[in-house]
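As a basis for the values below, the full set of heavy atoms in this structure was taken, side chains included, without hydrogen atoms, waters or symmetry mates. In listed order, ligands and their atoms are each counted from 1.
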Amino acid sequence: MYLPTCLPHHERFTVLVQVAAANLRFGEGVTREVGMDFKNMNARKIAVFTDPNIAKLPPAKMASAIASLEAQPDLEFVVYDRVVAEPTEASWRDAIAWARKEDCSHFLAVGGGSVMDTAKAANLFSVYKDADLFDFINAPVGKGLPIKEKLRPLIAVPTTAGTGSETTGTAILDITSMAFKTGIANRAMKPILGIVDTLNTRTCSRELHISAGLDVLFHSLESYTAIPYNERTPRPSNPILRPAYQGSNPVADIFSMWALRTTVKHLPRIAKDPSNHESLSQMMLAASFAGIGFGNAGVHLCHGISYPISGLNKKGPQFKYPGYNVDHPIIPHGVTVALPAPAVFQFTAPSSPDRHREALAIFRDTTPSDPSITAIPDNAVGAHLYEAIARFLDALGVPRGLKAVGYTKADIPALVEGTIPQRRVLDLAPGIGDVAGEDGREHLTRIIENSMEY
Ligand SMILES: [Fe+2]
């Protein structure tokens with residue numbers, strides 16, 4: 001990667017970035033190849049992860065994967081179908097105990113982010129048989145230890161166009177005792193192959209398409225506006241300590257911007273007509289591309305604030321999002337990320353007005369050189385982008401702020417407290433992560449206040 005030549009020679013080497021691409025197979029019906037993939041790898045025994053809904057469901061998803069495994073003679077596999085939507089410590093521990101007992105040589109995840117993330121954790125802890133969950137969870141919540149052992153090969157088959165988990169080494173869980181989400185982010189956990197089958201989202205509900213698509217939207221927008229890789233933490237003392245989330249960088253930018261443009265174009269079309277196959281296919285690709293973008297650059301404030309929004313919901317508002325077939329309170333991840341988004345980008349816009357202008361142009365379906373965009377002074381870009389994002393969300397039927405999902409002003413301090421420990425993402429937040437000695441408490445309070453309603 002080319003680095004600014006104005007820096008003295010020794011400093012140039014303090015700002016390196018390491019970009020990991022993803023191994024993806026994209027197309028209609030590609031799920032049926034997965035049995036051959038495992039056969040080609042001489043798999044001894046495969047742990048198949050899914051959730052109870054998918055396990056019951058139609059031919060295009062689970063049955064296709066299972067049929068593909070069964071089609072290979074002598075391919076042994078066992079199925080874990082107890083993955084819960086928005087996994088918790090308890091659900092991870094259950095999956096880990098199962099995986100340790102089964103001792104499989106390979107892993108297959110067929111599902112959304114919850115399934116893929118649970119499979120990653122089960123893989124990690126079946127290699128580290130004696131480790132505790134918190135040994136690898138991001139510091140400061142856990143110890144954030146480096147992963148030095150080689151994990152077992154995991155193939156991921158996403159069934160939502162959302163998390164991009166098939167391209168990343170990230171796995172997220174809800175720490176119920178602390179009422180926020182965090183996770184493990186480490187390249188070692190990345191699937192060896194993502195099988196992106198455009199048939200696999202066709203049976204999703206309209207609500208699921210939208211909430212998953214919102215995750216894609218903000219993965220791309222957050223990674224494009226994260227603190228640049230060459231303005232953040234110093235070079236780690238050992239490459240194994242280099243975080244996966246390194247700040248915006250020229251390679252991640254390409255993936256993030258493509259995903260942003262694609263999502264702004266196709267998600268509203270899916271909301272109007274969930275059977276629009278062309279748009280569904282484009283969103284699957286956008287989810288994976290955004291995954292490559294944020295998997296290397298990182299996400300920041302929308303995600304950081306979303307973790308206590310979803311965690312506290314179980315104690316506080318107990319909001320049950322319509323269209324979700326679960327028996328516990330849930331605000332889907334994509335919606336929790338979207339709720340603070342207008343206020344977040346209003347806050348971050350002054351840090352890089354041109355990047356925010358580019359995003360604004362996409363929402364307005366024009367180019368950054370359009371005089372209506374170039375005429376906006378730097379200090380007004382944030383207000384325009386706030387308005388553009390709010391309109392976009394409103395047209396998709398997203399609740400208009402935190403009040404609409406049951407939060408009140410009295411919850412603001414708890415939401416701030418739940419965001420402060422999300423250092424992994426706050427460190428990438430312009431205006432917070434780059435201000436030495438500040439934990440960003442005042443800014444976060446203002447952003448959350450401004451997210452109550454719009
Ligand atoms: Fe996300």
Inset, instruction - Decide, yes or no, whether a salt bridge links R25 with D37 under the criterion of side-chain N to carboxylate O below 4.0 Å. - result: yes

Inset, instruction - Salt-bridge test for R391 and E387: reply yes if a basic N is under 4.0 Å from a carboxylate O, no otherwise. - result: yes

Inset, instruction - Please examine the side chains of F392 and P268, heavy atoms only from C-beta on, and report whether any two atoms are closer than 4.5 Å. - result: yes

Inset, instruction - Could you note down all residue pairs passing side chain to side chain donor-acceptor pair (under 3.5 Å) where residues 255-265 supplies at least one of them, sequence neighbours left out? - result: S223-S256

Legend entry - Protein N/O/S count near the Fe ion (ligand 1) (criterion: distance under 2.8 Å): 4

Inset, instruction - Indicate yes or no: at least one non-hydrogen side-chain atom of K181 is less than 4.5 angstrom from one of S310. - result: yes

Legend entry - Salt-bridge contact D132-K143 (side-chain N to carboxylate O under 4.0 Å): no

